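Everything on this sheet refers to the single structure shown next.
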Amino acid sequence: MRLDRFLTNLPAYNRQQVRLLLVQRRVRVDGVVTADPLHEVREFSRVAVDEHVLQAGRAARYLMLHKPAGCVSATRDPAHPTVLDLLPAELRDELHIAGRLDYNTTGLMLLTNDGQWSRRLTQPRTKLAKIYRVHTEDEIGAHYVEKFLQGFYFAFEDLTTQPAQLDILGPHEARLAIVEGRYHQVKRMFGHFQNKVIALHRERMGPIELDAGLLPGQYRDLRPDEIAAI
Ligand code: URA
């Protein structure tokens, strides 16, 4: 919300008083004097007029988790353990998943309570590359590469997938970069060749790489540079 609207929404100030507070440089957002009426105020922002705190600001949380196989990327599931079960109870209620993975897919999963940040991460127009390591049942042919670049028609969504880069690492192993996150996307792409994906591991989402020090099921807070990179 704009700073001037945030202030006029409070019973204490009318529009004229808000304009005055701003030009008198009495308003601080996150400790910095702010005279711009359009400055963005979020639920995480601390807003003060002089020494009077109007909003303390909720703590923003950003975690990376090494998702193990055999758990669902959902906040609740009646039958299976969920990724949120791996976190302490006080975090479970406030975090959401930024980019789900299938039940048996492993690797990088990001969780946050910051909806703007997770939207930037997952919306297709941001075109952030998600990097997967793929193991398949049958051999991966050299001709796959061109098809991944051209795109696959997904009838259900009535769309053709964005160009994807496939690097063949071995007869049954490849690294794949995709910029979308369609339902079962990687499996459906390989399904085009009737080649079953037998293991799938997400190594990276854009600039954020799974920490090699995290064992499956472990998590850590993101560093400030990782948060700012999105
Ligand atoms: N594509 C899939 O098919 N599964 C995942 O978990 C992620 C991408």
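This structure is a prediction, so every number in the text was calculated from the model and none was measured.
Linking ILVMFWY residues whenever their side-chain heavy atoms come closer than 4.5 Å, directly or via other members, places Val197 and Phe154 in the same cluster. By the criterion of side-chain heavy atoms lying less than 4.5 angstrom apart, applied directly or through intervening Ile, Leu, Val, Met, Phe, Trp or Tyr residues, Leu63 is grouped together with Leu86 in one hydrophobic cluster. The same ILVMFWY cluster, assembled from side-chain heavy atoms under 4.5 Å apart, contains both Val83 and Tyr219. Both Leu159 and Val186 are assigned to one and the same hydrophobic cluster, defined by single-linkage of ILVMFWY side chains at heavy-atom distances under 4.5 Å. A continuous path of Ile, Leu, Val, Met, Phe, Trp and Tyr side chains, each step under 4.5 Å between heavy atoms, connects Met109 with Leu91, placing both in one hydrophobic cluster.
Residues Ala79 and Asp77 come closest through the heavy atom pair N-OD1, 2.9 Å. What you find for Ile178 and Ala164 is that their closest heavy atoms are CG2-CB, 3.7 Å. In terms of heavy atoms, Thr122 sits closest to Ala98 at CG2-C, 3.7 Å. Closest non-hydrogen pair, Leu222 versus Ile227, comes out as CB-CG1, 3.8 Å. Closest approach of Gly213 to Gln218, counting heavy atoms only: O-OE1, 3.7 Å. Closest approach of Pro207 to Leu128, counting heavy atoms only: CD-CD2, 4.1 Å.
Applying the salt bridge (Lys or Arg N to Asp or Glu O under 4.0 Å) test between Asp114 and each of Arg42, Arg120, Arg58 identifies Arg42 as the sole match. Among Lys67, Arg202, His201, His66, the single residue meeting the side chain to side chain donor-acceptor pair (under 3.5 Å) criterion with Thr106 is His201. Just one of Gln162, Lys130, Gln185 meets the side chain to side chain donor-acceptor pair (under 3.5 Å) condition when paired with Glu180; it is Gln185.
At most 12 heavy atoms of other shown residues, nucleotides or ligands fall within 6.0 angstrom of atom CD in Gln16. Environment of OH in Tyr183: sparse, with no more than 12 heavy atoms of neighbouring residues, nucleotides or ligands closer than 6.0 Å.
Taking Arg2 as the reference, Asp4, Arg5, Leu38 meet the side chain to side chain contact (heavy atoms under 4.5 Å, CB included) condition, with sequence neighbours excluded. Remark: Lys147 pairs with Gln150, Phe152, His192, Phe193 by the side chain to side chain contact (heavy atoms under 4.5 Å, CB included) rule, at least two apart or across chains. Remark: Glu203 pairs with Arg133, Arg175 by the salt bridge (charged side-chain N to carboxylate O under 4.0 Å, His left out) rule, at least two apart or across chains.
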Checklist entry - Can His172 and Glu139 be said to form a side-chain contact (heavy atoms from CB on, under 4.5 Å), step by step? => result CA-CA 5 Å; His172 296 260; Glu139 267 196 33; 4.0 Å; yes
Next on the checklist: For Leu65 and Leu214: C-alpha separation, side-chain torsions, deciding distance, then whether side-chain contact (heavy atoms from CB on, under 4.5 Å) applies.
Outcome noted: CA-CA 8 Å; Leu65 168 82; Leu214 290 178; over 6 Å; no
Item to check | side-chain contact (heavy atoms from CB on, under 4.5 Å) evaluation trace for Thr105 with Lys187 | outcome: CA-CA 11 Å; Thr105 303; Lys187 291 174 188 156; 4.1 Å; yes
Item to check | Chi angles and distances behind the side-chain contact (heavy atoms from CB on, under 4.5 Å) call for Ile140, Leu166 | outcome: CA-CA 10 Å; Ile140 301 169; Leu166 183 74; 4.2 Å; yes
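Looking at Tyr13 and Val49, their side chains come closer than 4.5 Å, going by heavy atoms from C-beta outward. Side-chain atoms of Gln165 and Leu176, non-hydrogen and from C-beta on, never get closer than 4.5 Å to each other. Inter-residue side-chain proximity for Phe190 and Phe148 is flagged as met; some heavy-atom pair is nearer than 4.5 Å. Residues Leu108 and Met64 form a side-chain contact, since some pair of their non-hydrogen atoms from C-beta on lies under 4.5 Å apart. Contact check for Ile97 versus Arg100: side-chain heavy atoms found under the 4.5 Å cut-off. At a threshold of 4.5 Å between non-hydrogen side-chain atoms, the residues Met205 and Leu121 count as touching.
With hydrogens and angles disregarded, no donor-acceptor distance shorter than 3.5 Å links the side chain of Asn9 to the backbone of Phe6. For Arg204 (side chain) and Gly206 (main-chain N/O), a donor-acceptor pair under 3.5 Å exists by modelled atom type. Proximity of a side-chain donor or acceptor of Asp30 to a complementary backbone N or O of Ser45 within less than 3.5 Å is not detected. Proximity of a side-chain donor or acceptor of Ser73 to a complementary backbone N or O of Leu101 within less than 3.5 Å is detected. Side chain of Thr34 to backbone of Val32: a donor-acceptor contact under 3.5 angstrom is found. No donor-acceptor distance shorter than 3.5 angstrom exists from the side chain of Glu146 to the backbone of His143, with no hydrogens or angles considered. Although no hydrogens or angles enter the test, the distance criterion places a donor-acceptor pair under 3.5 Å between the side chain of Thr136 and the main chain of Asp138. At least one donor-acceptor pair closer than 3.5 Å links the side chain of Asn113 to the backbone N or O of Arg61.
No side-chain donor-acceptor contact under 3.5 Å links Thr112 and His96. Looking at Asn195 and Tyr144, their side chains do bring a donor and an acceptor atom within 3.5 Å of each other.
Taken to the nearest 0.5 Å, the CD atom of Glu94 stands 10.5 Å off from the CG atom of Leu87. Between the NE2 atom in His184 and the CZ atom in Phe156 there is a gap of 11.5 Å [rounded to 0.5 Å]. From Met1, atom CE reaches atom CG of Leu7 across 10.0 Å, with rounding to the nearest 0.5 Å. Between Leu110 atom CG and Ile230 atom CD1 the span is 7.5 Å, to the nearest 0.5 Å. Atoms CD and CG, on Gln24 and Asp50 in that order, are 8.5 Å from each other to the nearest 0.5 Å. A distance of 10.5 Å separates OH of Tyr132 from CE of Met189, quoted to the nearest 0.5 Å.
Salt-bridge check for Glu157 with Arg188: passed, with a basic side-chain N closer than 4.0 Å to an acidic carboxylate O. In this structure, Arg28 pairs ionically with Glu51, as a charged nitrogen and a carboxylate oxygen lie closer than 4.0 Å.
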